[in-house]
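Before any comments, here is the structure.
Owing to the predicted nature of the structure, the values given are computational and were not obtained by experimental measurement. Chain letters run A, B, ... following the sequence lines, proteins first, then strands; residues in each count from 1.
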Amino acid sequence: MFEIFGIPSQALFGQLLLGLINGSFYAILSLGLAVIFGLLNIINFTHGAQYMLGAFVAWMLLTYFGIGYWWALILAPVLVAVTGVILERLLISRLYQLDHLYGLLLTFGVALIVQGVLRNHYGISGMPYSIPEELSGAMNLGFMFLPVYRGWVVVASLVVCLGTWFVIEKTRLGAYLRAATENPALVGAFGINVPRMITLTYGFGVALAAFAGVLAAPIYSVNPNMGADLIIVVFAVVVIGGMGSILGAIATGFGLGLVEGLTKVFYPEASSVVIFVIMAIVLLVKPAGLFGRAS
Amino acid sequence: MMSAVVEGKAASSHAETGRTAKSRSHMALFLALLAAGLVAPFFLYPVFIMKVLCFALFACAFNLLLGYGGLLSFGHAAYFGGASYITAHAAKVWGLTPELAILVGTLAAAVLGLAIGALSIRRQGIYFAMVTLAFAQMVYFISLQVPFTGGEDGIQAVPRGELFGLISLKSDFSLYYVVLAITFGGLLAMHRIIHSPFGQVLTAIRENEARAISLGYRVNRYKLMVFVLSATLAGLAGSTKAIVFQVASLTDVHWSMSGEVVLMTLIGGMGTFFGPVVGAAVIVTMQNYLASFGAWVTVIQGAIFVVCVLLFREGIVGKAASIFKKFGAAVRKS
Amino acid sequence: MAEASLHEKTAASKDGPLLNVRGLEAWYGDSQVLHGIDFDVKPGEVVTLLGRNGAGKTTTLKAIMGIMAKRKGSVQFQGKELINLAARHVARHGIAFCPEERGIFSSLSVKENLLLPPQIMPGGMSVEQIFELFPNLKERLGSQGTRLSGGEQQMLALGRIMRTGAKFLLLDEPSEGLAPVIIQQIGRTISRLKQDGFTIVLVEQNFHFASKVADRHFVVEHGKVIDMIPNDQLDSSIDKLHAYLGV
């Protein structure tokens, strides 16, 4: 091990890795927000609660049914997505004719309900979720010890993000989605069932959030408030990146995580606000966001 | 804008002639509220009414921006809570008299509003809401870290002091009338703002921004001005609350406080002048009665959000006004 | 005067209409745009809707297609009532729509734009046949849809609905903003489609273009059809038409 700028390499790279992990969550969550916003034109304030639900469902599957991490990684996003689909059909779909801000208020209310109910039931102290055996331990990379699970989180997030990018940008299904984002009426006039696409897209965005939640469960303790503050940072990430570009959202998410990690090393006092400071600068220099199209 | 949706109906049915009638009925309501306010402490617990008054002022300040400026801020806790910290610090550490402490806190909110507003108005609609929320979260994190706010404990045992160095505000009763005066001062100021030429330009911008620009109005200046006014008055409410409860804490800068003021305005009636007052009274009362239920309060607030957005977008005052109008029309017909 | 003669003429047609529009009304929000459109289209026919700007021609196509949220009256296609169907169900009956300004998706490549509309029924053109008709498209398959020239975009917009198997086309101003040589090519395409048995409703401002391809012309004014002129009587009706269109 060695030192960089007087900082032990383990400390530097350790923080960078933590930053990258936060960045993974920013990337997945802002990607979900962007996909939902593109088609539904609402900002899904419930996103943080759905991330938390992903972690909770994983914990419940383990605690009540003995279903482990790997199954939870698939089951929890599916189950949470089902609740999302119900939410969209029952409530959100009634707001499409109204101002977009009503969608924000509705999903904010739903987030309060979900968080409140779980807080009543489980308190706020948080429940541990242990790292699956296959991913426990650490590797010595020479310049740092890499906890295997943390490496896995970064890799899994990247794979899911790039997979999402591929589906949206390179497949026929993605072409429908992009077309409906641009002009839903015309896509409907081609005989395509746009309302069903909207519902499934919402479900998919929610599943992304829940997937991030399962990944997060072994790192942070599982608690009802875990998504509440995170979602606000993700909003800032979305403002910085702009919601026009999928790759842009992914790059912004990981990049800001790294910046946050670096700040923790060199000026820890500012680490919790650095993203907001960057947002302020971006608003001054490029209000539409780094990858946004000026409207 | 959402407010345009809400207000549009009201505005279109109100001809110019209706305007004077409306402001006359507003004056009558002001007097009735003032009369109620003057006698209320003889019937109700003064600290409770002071809380309602502080939140009523806060909610009206928020509604000035949403209902008349057409901008949904999701970060008004920053000005409310930020001002309460400054006022608490000024009164406790600098030993300022309460009116000066409140003034300092309010000015701080104005400065904060100017800084955040200038950045936030660069985005519109849904992005504006996210930006204001993010900046408010930044204020929250700063409040958590800087030494003078006392971190998790907040600033406690803030002295109420003597008004102008003369009148002791120790008794709830004397403080109550000061708070009543501040609240009504704030409400009247807002009423003047809304019905001034400035307010009419704001209405024009909200209803058709492109047209206002083509008429030569510097739209962003107007937006910034109403943002700063709204932040300032929200700060006045927060400062006053710090003196009343003798404490400034993280609760007041947390995002849930920003959500609460949205809820008060939503339930009372967005874009109606007195709606936020009613909404504040409803929510504060509800919190008082349900205080022992813990997190269920959050659940109920969430449920109210959902119900209001889906079924009750006019709010209490908006609904009452439309029922009243229908009733009036029915009477005139018969 | 025009109305009576119009009804006589439509009643006189022996073979039943493929599309029969009666009393069609439609609204944008609270303002009514169509006030009772009546016209019919026989199988294999090309008809145009002529009229000034804002007369309601585009809205008529959108109302038939089911894109207008609020509409009333009757739209019968092959004897089936479509007025209450959502756009995607109207499309499934074999009606295809090419919107004003072409509706090419900018976030889709030319190829994706071409393959986007699903095949509704068998008998649509193959991609190769479309390339035969519009060779330009083949060379630019990878480009962004909106990077094409106006003429190429129009070919793409036509090509993509010819794949679907729909034999009834609603075309909104296919000649708009195009160079004369491109308009000729579009005109040849429409004639070719007619030969292949397509039935077409065309909204046109370009009267000259319309006269080359259509069998009958319906004149729309203030959200109503006020007259019908068969193409062979066009020359004798030219003064009347100029009066309608305010040329």
Side-chain angles (χ1 to χ4, degrees), chain A residues 33 37 41-43 45 91 94-95 98-121 123-124 224 228-229 231-240 242-243 269-277 279-284 287-289 292 295, chain B residues 1-6 66 71-72 74-75 115-116 118-142 144-146 254-256 258-259 262-263 266 270 293-311 313:
Chain A
L33 279 182
F37 180 75
N41 267 311
I42 65 154
I43 282 296
F45 218 129
L91 304 181
R94 292 165 198 270
L95 302 178
L98 301 174
D99 192 292
H100 306 330
L101 292 171
Y102 282 114
L104 184 76
L105 298 183
L106 178 85
T107 51
F108 177 72
V110 174
L112 288 183
I113 296 174
V114 173
Q115 282 158 6
V117 167
L118 287 174
R119 227 166 32 225
N120 269 311
H121 220 264
I124 51 165
D229 285 349
I231 192 62
I232 301 176
V233 181
V234 173
F235 281 175
V237 172
V238 160
V239 172
I240 292 169
M243 284 191 282
E269 293 80 6
S271 62
S272 59
V273 297
V274 63
I275 289 187
F276 302 118
V277 174
M279 180 180 84
I281 296 168
V282 167
L283 283 173
L284 277 175
S295 53
Chain B
M1 287 282 100
M2 153 163 28
S3 50
V5 178
V6 178
L66 172 64
L71 298 166
L72 172 70
F74 226 103
I116 295 181
L119 289 166
S120 304
I121 57 165
R122 297 173 75 86
R123 299 304 309 263
Q124 272 109 38
I126 234 160
Y127 280 97
F128 178 86
M130 288 197 287
V131 169
T132 49
L133 174 61
F135 278 129
Q137 187 73 353
M138 178 163 141
V139 171
Y140 173 82
F141 280 131
I142 292 173
L144 191 63
Q145 279 179 359
V146 292
H254 194 246
W255 57 261
S256 53
S258 297
V262 179
L263 182 61
L266 181 64
M270 287 181 292
F293 286 90
W296 285 116
V297 177
T298 318
V299 177
I300 292 168
Q301 288 186 344
I304 297 176
F305 257 109
V306 172
V307 170
C308 281
V309 168
L310 289 174
L311 306 170
R313 284 184 289 273

Self-check item: Heavy-atom contact with chain B under 4.5 Å, split by part of A/I42
Solution: backbone

Practice problem: Please look at B/F293 and chain A and tell me whether the side chain, the backbone, both or neither of the residue comes under 4.5 angstrom of a heavy atom of that chain. | Solution: backbone

Self-check item: Aromatic ring pairing B/F305/A/F108, orientation class (parallel under 30°, perpendicular over 60°, tilted between)
Solution: perpendicular

Practice problem: Work out which heavy atom in B/A134 is nearest to a heavy atom in A/M279; give both atom names and the distance. | Solution: CB-CE, 3.5 Å

Quiz item: Quick one: what part of A/V277 sits under 4.5 Å from any heavy atom of chain B, side chain, backbone, both or neither?
Solution: both

Quiz item: Say you draw a straight line from CG of B/L71 to CG of A/L101; how long is it, rounded to the nearest 0.5 Å?
Solution: 9.5 Å

Exercise. May I ask you to name which of B/Y140, B/F74, B/Y127 has the most heavy-atom pairs under 4.5 Å with chain A?
Key: B/F74

Quiz prompt | Heavy-atom pair with the smallest gap, counting every atom of A/S272 and B/Q145 | solution = OG-NE2, 3.3 Å

Quiz item: CD of B/Q301 to CD1 of A/I113: how many Å apart, nearest 0.5 Å?
Solution: 11.0 Å

Quiz prompt | Nearest-0.5 Å distance that lies between atom CZ in B/R313 and atom CG in A/D99 | solution = 10.5 Å

Quiz item: Relative to chain B, which of A/V110, A/L106, A/L118 shows the most heavy atom pairs under 4.5 Å?
Solution: A/L106

Quiz item: So which part of B/V262 gets closer than 4.5 Å to some heavy atom of chain A, the side chain, the backbone, both or neither?
Solution: side chain

Quiz prompt | Enclosure of A/I124 CD1 (heavy-atom neighbours >12, cutoff 6.0 Å) | solution = no

Quiz item: Roughly how far, to the nearest 0.5 Å, is CZ of A/R94 from CG of B/L310?
Solution: 7.0 Å

Quiz prompt | Side chain, backbone, both or neither of A/L104 within contact of chain B (heavy atoms, under 4.5 Å) | solution = side chain

Quiz item: If you round to the nearest 0.5 Å, how far is CG of B/L72 from NE2 of A/H100?
Solution: 13.5 Å

Quiz prompt | Closest-packed option against chain B by number of heavy-atom pairs under 4.5 Å, given A/T107, A/I232, A/V114, A/V273 | solution = A/I232

Quiz item: Top residue by heavy-atom pair count (under 4.5 Å) with chain A, among B/I142, B/L133, B/I116?
Solution: B/L133

Quiz item: In terms of heavy-atom proximity below 4.5 Å to chain B, should A/A228 be classed as side chain, backbone, both, or neither?
Solution: both

Exercise. Using non-hydrogen atoms and a 4.5 Å limit, figure out which bit of A/L95 sits close to chain B: side chain, backbone, both or neither.
Key: side chain

Quiz item: Would B/F135 and A/L283 satisfy side-chain contact (heavy atoms from CB on, under 4.5 Å), going step by step from the backbone distance to the final call?
Solution: CA-CA 12 Å; B/F135 278 129; A/L283 283 173; 3.8 Å; yes

Quiz prompt | side-chain contact (heavy atoms from CB on, under 4.5 Å) evaluation trace for A/F235 with B/I126 | solution = CA-CA 11 Å; A/F235 281 175; B/I126 234 160; over 6 Å; no

Exercise. Go through the atoms of A/D229 and report whether side chain, backbone, both or neither lie under 4.5 Å from a heavy atom of chain B.
Key: both

Quiz item: Atom CZ of B/R122 and atom CG of A/L284: how far apart are they, to the nearest 0.5 Å?
Solution: 5.5 Å

